[in-house]
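Values below: all heavy atoms of this structure, side chains included; hydrogens, waters and symmetry mates excluded. Throughout, numbering of the chain's residues begins at 1 and tracks the sequence.
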Amino acid sequence: MSDIAINTAHAMEEEHHDEGRVKVYGFLVYILQDLLLFATFFATFLVFAGSYDAGPFPKQLISLPFVMVETFLLLFSSITYGFAMVQVHRSNLAGVRLWLAITFLLGLGFICMEVYEFAELIHEGAVWTASAYWSSFFALVSTHGIHVTFGLIWMACMFAHLSRKGLNAHNKTRLACLSIFWHFLDIVWVGVFTVVYLMGAMS
């Protein structure tokens, strides 16, 4: 290979690297905006945390063991996504697919449990119009659930991208952004579990 060809290849590789870095930085700005959104919902929930009106009361309806299982599903999905990123750095496409599939199933399990929980709460009369507490509860928890659902759709799209293009530079950047998004949702959920469920069960 001539020197010109080598230099051109290096230049193209450097250009892809810079482009990927800019996209990741741009995505971090989006995460900061999402952080402000969740901070607003957390603040609203704390303001109305004692506004139950005539009930129902969270202590009567919140099942901590059930929510603990939800929490473990999401936290383990964060670990499995970490394993997927290790395989990305090793350029092991089969490994990425495996750990991404496990992460998807754990996230799907979390969403199914959350939908079941919402159905049970509504069946017991804890609808979003019951009180300011339940309005802020559903606003915060369902916003997180919608984000997780979006993350699952993103993972499904990544399977298609990986099938078509493999682990090219663009897909590595997409996986890195999804990694930031998924870990961010896990951190938010730790806050939701502590502030909403743990405090609700003890109130």
Side-chain angles (χ1 to χ4, degrees), residues 1 5-35 37-38 65-117 141 143-194:
M1 185 180 292
I6 292 172
N7 290 336
T8 304
H10 280 307
M12 289 178 66
E13 186 179 341
E14 191 67 28
E15 186 180 345
H16 282 304
H17 184 68
D18 289 343
E19 185 184 343
R21 196 160 44 191
V22 168
K23 284 181 180 175
V24 171
Y25 285 151
F27 193 74
L28 284 171
V29 173
Y30 160 75
I31 291 294
L32 286 175
Q33 291 176 335
D34 241 10
L35 185 63
L37 173 70
F38 278 108
F66 185 87
V67 182
M68 283 290 289
V69 175
E70 277 186 88
T71 303
F72 279 122
L73 283 178
L74 201 60
L75 293 183
F76 276 125
S77 77
S78 196
I79 295 171
T80 55
Y81 199 100
F83 289 145
M85 289 306 294
V86 170
Q87 299 306 316
V88 169
H89 290 298
R90 291 177 179 172
S91 296
N92 181 359
L93 180 58
V96 173
R97 282 177 169 160
L98 172 66
W99 287 111
L100 208 58
I102 295 172
T103 304
F104 182 89
L105 291 176
L106 290 170
L108 185 63
F110 171 84
I111 286 298
C112 289
M113 289 187 73
E114 190 163 82
V115 170
Y116 176 81
E117 179 199 12
V141 180
T143 299
H144 177 270
I146 290 168
H147 277 68
V148 174
T149 304
F150 180 76
L152 292 176
I153 294 170
W154 190 349
M155 278 185 212
C157 292
M158 283 311 307
F159 283 115
H161 283 302
L162 290 171
S163 297
R164 290 176 56 199
K165 303 286 185 180
L167 278 174
N168 62 10
H170 293 295
N171 282 341
K172 285 182 177 179
T173 302
R174 290 175 180 132
L175 287 166
C177 291
L178 179 54
S179 174
I180 295 169
F181 184 69
W182 200 253
H183 292 310
F184 168 72
L185 292 180
D186 275 4
I187 294 168
V188 172
W189 180 255
V190 171
V192 171
F193 175 76
T194 305

Going through the distances and angles, do Leu75 and Val190 end up as a side chain to side chain contact (heavy atoms under 4.5 Å, CB included)?
-> CA-CA 9 Å; Leu75 293 183; Val190 171; 4.1 Å; yes
[X] and [Y]: which non-hydrogen atoms are nearest, and at how many Å?
X      : Y      : value
Trp189 : Val67  : CZ2-CG1, 4.1 Å
Val96  : Leu167 : CG2-CD1, 4.0 Å
Glu70  : Met113 : CG-CB, 3.6 Å
Lys172 : Ser91  : NZ-OG, 3.4 Å
Gly107 : Val148 : O-CG1, 4.4 Å

Non-neighbouring partners of Tyr30 that pass ring-ring contact (aromatic ring centres under 6.0 Å, His included), sequence neighbours left out =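 Checked Tyr30 against ring-ring contact (aromatic ring centres under 6.0 Å, His included); matches are Phe27.
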Evaluation steps, side chain to side chain contact (heavy atoms under 4.5 Å, CB included), between Arg174 and Cys157 = CA-CA 10 Å; Arg174 290 175 180 132; Cys157 292; over 6 Å; no
Taking atom [atom1] of [X] and atom [atom2] of [Y], what is their separation to the nearest 0.5 Å?
X      : Y      : atom1 : atom2 : result
Thr80  : Leu100 : OG1   : CG    : 8.5 Å
Lys23  : Leu28  : NZ    : CG    : 14.5 Å
Tyr81  : Leu106 : OH    : CG    : 14.0 Å
Leu105 : Met155 : CG    : CE    : 10.0 Å
Thr71  : Phe76  : OG1   : CZ    : 11.5 Å
Trp154 : Leu178 : CH2   : CG    : 5.0 Å

Show your reasoning for whether side chain to side chain contact (heavy atoms under 4.5 Å, CB included) applies to Phe184 and Phe38.
-> CA-CA 11 Å; Phe184 168 72; Phe38 278 108; 4.0 Å; yes
Step through the shown structure and confirm whether more than 12 heavy atoms of other residues, nucleotides or ligands are within 6.0 Å of OH on Tyr116.
->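 No, because the 6.0 Å sphere around OH of Tyr116 holds 12 heavy atoms or fewer from other groups.
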Flag yes if more than 12 heavy atoms outside Phe72 fall under 6.0 Å of its CZ atom; otherwise flag no.
->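 Count not over threshold, so no.
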Going by atom types only, do Trp182 and Ser77 share a side-chain donor-acceptor pair under 3.5 Å?
->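 Yes, side-chain donor-acceptor contact under 3.5 Å.
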I'd like to know if the side chain of [X] and the backbone of [Y] have a donor-acceptor N/O pair within less than 3.5 Å.
X      : Y      : value
Ser179 : Leu175 : no
Asn92  : Gln87  : no
Asn171 : His161 : yes

Check against side chain to side chain contact (heavy atoms under 4.5 Å, CB included), Val29 and Tyr25 = CA-CA 7 Å; Val29 173; Tyr25 285 151; over 6 Å; no
Would you list the pairs meeting side chain to side chain donor-acceptor pair (under 3.5 Å) in which at least one residue belongs to residues 143-153, sequence neighbours left out?
->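 For residues 143-153: Asp34-His147.
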